[in-house]
Amino acid sequence: MQILMGGKPVVVVSDAKTAKEILKTHDVDFASKYVLGFGLSKFNIYDGNSFINSQYGTYWRFMKKLCRTQLFAGPQLDLFIHIREQETLKLLKSLVERSREGEPCDLGMEISNLANNIICKMTLGQRCAEDPNLPMKIRKSIGAIMEYTAKLSFTQVFGPLKKFDLSGNGKKLISVTWEFDGLMEQLFKEYEDSRINDSGQEENDLISILLETYRDTSAELKITRNQIKTFFLEIFLAGVDTTAATIQWAIAELINNPKILKKLREEIDSEVGSSRLVKESDIQNLPYLEAIVKETLRKHPPGPLLRRECNTDTKINKYEIETGTKILVNAYAIMQDPNIYNEPDKFIPERFLVDHQEMDFYGQDLHFLPFGSGRRACIGISHALIVTNVTIASLIQCFDWKLKDGDKYDIKLTTGYSGAMALPLVCYPITRFDPFKE
Ligand code: HEM
């Protein structure tokens, strides 16, 4: 199918067979990104520095290798286990208190803070310990950038008048991005000063690795300060709300499906027992939890559209595809295909234990691709899965959940293409296992 977006033709792929041609067989020919710009670039002070939106070339390959071998490699993620544990305990503690006081909580907000704090501490390490308000400062700053980008994208579809920025959102976007830039420069300076003072403490956070790479005169590629700032921004944009949304949808579906919740709790109780909190090393022994996470991502993928641009003339299914052709792979439609998934609109985790056991999270089978597939697939899969699994397991192990309004969560989506929840997930936590009790 072909549609027009911003006046330009875009090919939309909604079947797994053609998706396989693009994301697997001809992966390298389609490894560039189709950028949904709507003319936003003149309001983007970091224009041309993106990793997520970069074309398939030297910069993307360099950063992808850095992500795979260092930034998001298994040993590096292992170093952050204490951060994930601390943040999970902080969330549970606040929920136990809420339960004691009989107060409801906006669970979505709590989970977003958890996802944000973890990524913030992984990226900025020591600086977060020195300034406990830093994660919230960063979240607010990035939130403002997201808000004006969304407002601007909306007004940009109105045609020629867009260049006058009548709404003023373009100017505001530039201003909030400069504020973010100032925050970044201050952090870079603190890092550089601490290097000069040499506190003797080895830094292993992600910003240190990036700044070391920036200084490394023998590196294969000289990355710039603006590329680091943009990468940092994009890690938050790509990693926080996606992870938080997956956890929220899973909890909402479990509240709406008490039999599934009960079965998961039985699995956790039988594997972990009733005297300690579930931990990361338990996850590999919780197959029903894994099936629930898969079913959540199938039904509510936070990245429903995969963007690609053809970077060489090629042929797919007998059709000639020209260089520069823009493609959207509709992962959502593929994961709703009734020929593959029986009753696709229902939440049935068992399907991943019986019919689709072989489907992994890495997009090998093109019928299940919540993290995309091929070269441009998500770089944060391992991190996202650890946080998602442990958080869902501990929320179900420690609490019963009662919605503030009604017995069932109303599964409505916001407008736009992110598949986010329209209504806040407000509920009462009722403690069943208190991990802080002596
Ligand atoms: C449940 C959580 C997440 C989901 C469902 C998700 C999903 C996705 C999807 C669908 C894509 C596009 C893949 C493609 O086009 O083939 C993507 C790309 C990306 N994701 Fe994630 N993501 C999640 C978490 C994260 C996290 C935690 C991080 C980093 C900390 C991250 C960083 C990225 C980056 C940098 C890209 C761009 C990769 C590239 O262009 O080469 N994501 N993600």
Side-chain angles (χ1 to χ4, degrees), residues 13 19-20 22-24 27-28 30-36 50-57 59-68 71-73 76-77 80 83-84 111-112 114-123 142 205-207 210 227 230-250 292-294 296-309 326-332 334-335 361-364 366 368-392 417-420:
V13 173
K20 185 175 177 187
I22 289 168
L23 302 173
K24 224 173 178 176
D27 180 18
V28 72
F30 290 91
S32 283
K33 272 287 175 84
Y34 156 37
V35 185
L36 290 159
S50 171
F51 168 70
I52 288 188
N53 287 326
S54 60
Q55 299 308 300
Y56 180 59
Y59 176 62
W60 177 81
R61 278 195 291 269
F62 178 79
M63 288 304 286
K64 173 83 178 188
K65 189 169 160 201
L66 193 67
C67 289
R68 227 186 32 237
L71 298 170
F72 293 97
Q76 181 66 30
L77 292 182
F80 298 136
I83 295 177
R84 296 189 293 270
I111 294 171
S112 296
L114 166 97
N116 179 71
N117 290 353
I118 295 178
I119 293 209
C120 204
K121 290 182 178 176
M122 279 165 57
T123 34
I142 293 178
D205 50 62
L206 303 188
I207 209 95
L210 284 166
Q227 282 168 336
T230 314
F231 185 78
F232 184 90
L233 180 62
E234 291 182 336
I235 288 301
F236 275 81
L237 294 177
V240 173
D241 288 348
T242 45
T243 308
T246 307
I247 301 169
Q248 284 182 66
W249 276 123
I292 286 172
V293 173
K294 283 184 176 163
T296 305
L297 286 165
R298 182 196 68 79
K299 207 173 159 216
H300 309 285
L305 296 174
L306 313 177
R307 300 174 285 120
R308 293 292 187 276
E309 192 171 298
K326 295 166 187 0
I327 313 268
L328 282 179
V329 176
N330 188 344
Y332 176 79
I334 292 173
M335 293 192 283
F361 288 101
Y362 300 92
Q364 298 300 318
L366 273 292
F368 184 62
L369 59 175
F371 291 98
S373 183
R375 282 178 168 70
R376 296 306 288 250
C378 180
I379 54 152
I381 304 182
S382 305
H383 167 80
L385 289 177
I386 300 173
V387 175
T388 303
N389 278 286
V390 172
T391 310
I392 297 171
Y417 61 90
S418 72

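As the structure lists them, so they are numbered: ligands from 1, and atoms in each ligand from 1. All residue numbers refer to positions in the sequence shown, counting from 1.
- Within the structure, the closest approach of F51 to ligand 1 falls below 4.0 Å when heavy atoms are considered.
- Nearest heavy-atom pair, S54 versus R376, reported as atom, atom and distance to 0.1 Å: O-NH1, 2.8 Å.
- Here atom 8 (C) of ligand 1 lies nearest to C378 when heavy atoms of A244, A384, C378 are compared.
- Taking every heavy atom of T246 and a limit of under 4.0 angstrom, the matching atoms of ligand 1 come to 1 (C).
- Side-chain contact between L66 and L210: present, with at least one pair of heavy atoms (C-beta onward) separated by less than 4.5 Å.
- The two residues M122 and L77 make their nearest non-hydrogen contact at CE-CD2, 4.2 Å.
- Under 4.0 angstrom from ligand 1, the non-hydrogen atoms of T243 come from both its backbone and its side chain.
- Contact record, E234 with F51: OE1-N, 2.9 Å, taken as the closest heavy-atom pair.
- The protein atom (non-hydrogen) at minimum distance from atom 41 (O) of ligand 1 is W60 NE1, 2.8 Å.
- Residue contact check: F72 has heavy atoms under 4.0 Å from atoms 30 (C) of ligand 1.
- Looking at ligand 1, you'll find an N or O of R308 within less than 3.5 Å of one of its N or O atoms.
- Nearest heavy-atom pair, A19 versus V13, reported as atom, atom and distance to 0.1 Å: N-CG1, 3.6 Å.
- Regarding atom 37 (C) of ligand 1, its nearest protein heavy-atom neighbour is I52 CG1, 3.7 Å.
- Applying the 4.0 Å criterion to heavy atoms of H383 picks out, from ligand 1, the atoms 27 (C).
- With atom 33 (C) of ligand 1 as the reference point, the heavy atom nearest to it among A115, A31, A238, A245 is part of A238.
- Heavy-atom contacts of I379 reach the following atoms of ligand 1: 32 (C), 33 (C), 34 (C), 35 (C) (cutoff under 4.0 Å).
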Hey, mind stepping through S32 and E309 against side-chain hydrogen bond (donor to acceptor under 3.5 Å, both in side chains) and telling me if it holds?
CA-CA 5 Å; S32 283; E309 192 171 298; over 6 Å; no

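- Of all protein heavy atoms, the one lying nearest to atom 24 (C) of ligand 1 is T242 OG1, 3.4 Å.
- At least one N or O atom of R376 sits closer than 3.5 Å to an N or O atom of ligand 1.
- For NZ of K20, the number of neighbouring non-hydrogen atoms (other residues, nucleotides, ligands) closer than 6.0 Å is 12 at most.
- The I235 neighbourhood of ligand 1 comprises atoms 30 (C), with distances under 4.0 Å to a heavy atom of that residue.
- Residue G303 has at least one heavy-atom neighbour below 4.0 Å for each of these atoms of ligand 1: 10 (C).
- Of the candidates S373, G380, A331, P370, P370 brings a heavy atom nearest to atom 7 (C) of ligand 1.
- Contact between S373 and G363 at its shortest, heavy atoms only, is OG-O, 2.8 Å.
- Ranking protein heavy atoms by distance to atom 6 (C) of ligand 1, first place goes to F371 CD2, 3.6 Å.
- In this structure, K33 has a heavy atom closer than 4.0 Å to ligand 1.
- The minimum heavy-atom distance linking I334 with L366 is given by the pair CG2-O, 3.3 Å.
- Under 4.0 Å from ligand 1, not a single heavy atom of E234 appears.
- With a 4.5 Å cut-off on side-chain heavy atoms, M335 and K299 do not count as touching.
- Remark: ligand 1 and T388 share no N or O pair separated by less than 3.5 Å (distance only, no angle test).
- Annotation for ligand 1: atoms under 4.0 Å from non-hydrogen atoms of G372 are 10 (C), 13 (C), 14 (C), 16 (O).
- Residue G239 approaches ligand 1 through these ligand atoms, each under 4.0 Å from one of its heavy atoms: 25 (C), 26 (C), 27 (C), 28 (C).
- Side-chain atoms of D27 come within 3.5 Å of backbone N or O of R375 as a donor-acceptor pair.
- Residue K65 places its NZ atom among 12 or fewer non-hydrogen atoms of other residues, nucleotides or ligands, all under 6.0 Å distant.
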Which is it for F80 and L206 under the side chain to side chain contact (heavy atoms under 4.5 Å, CB included) test, yes or no, and what are the steps along the way?
CA-CA 11 Å; F80 298 136; L206 303 188; 4.0 Å; yes

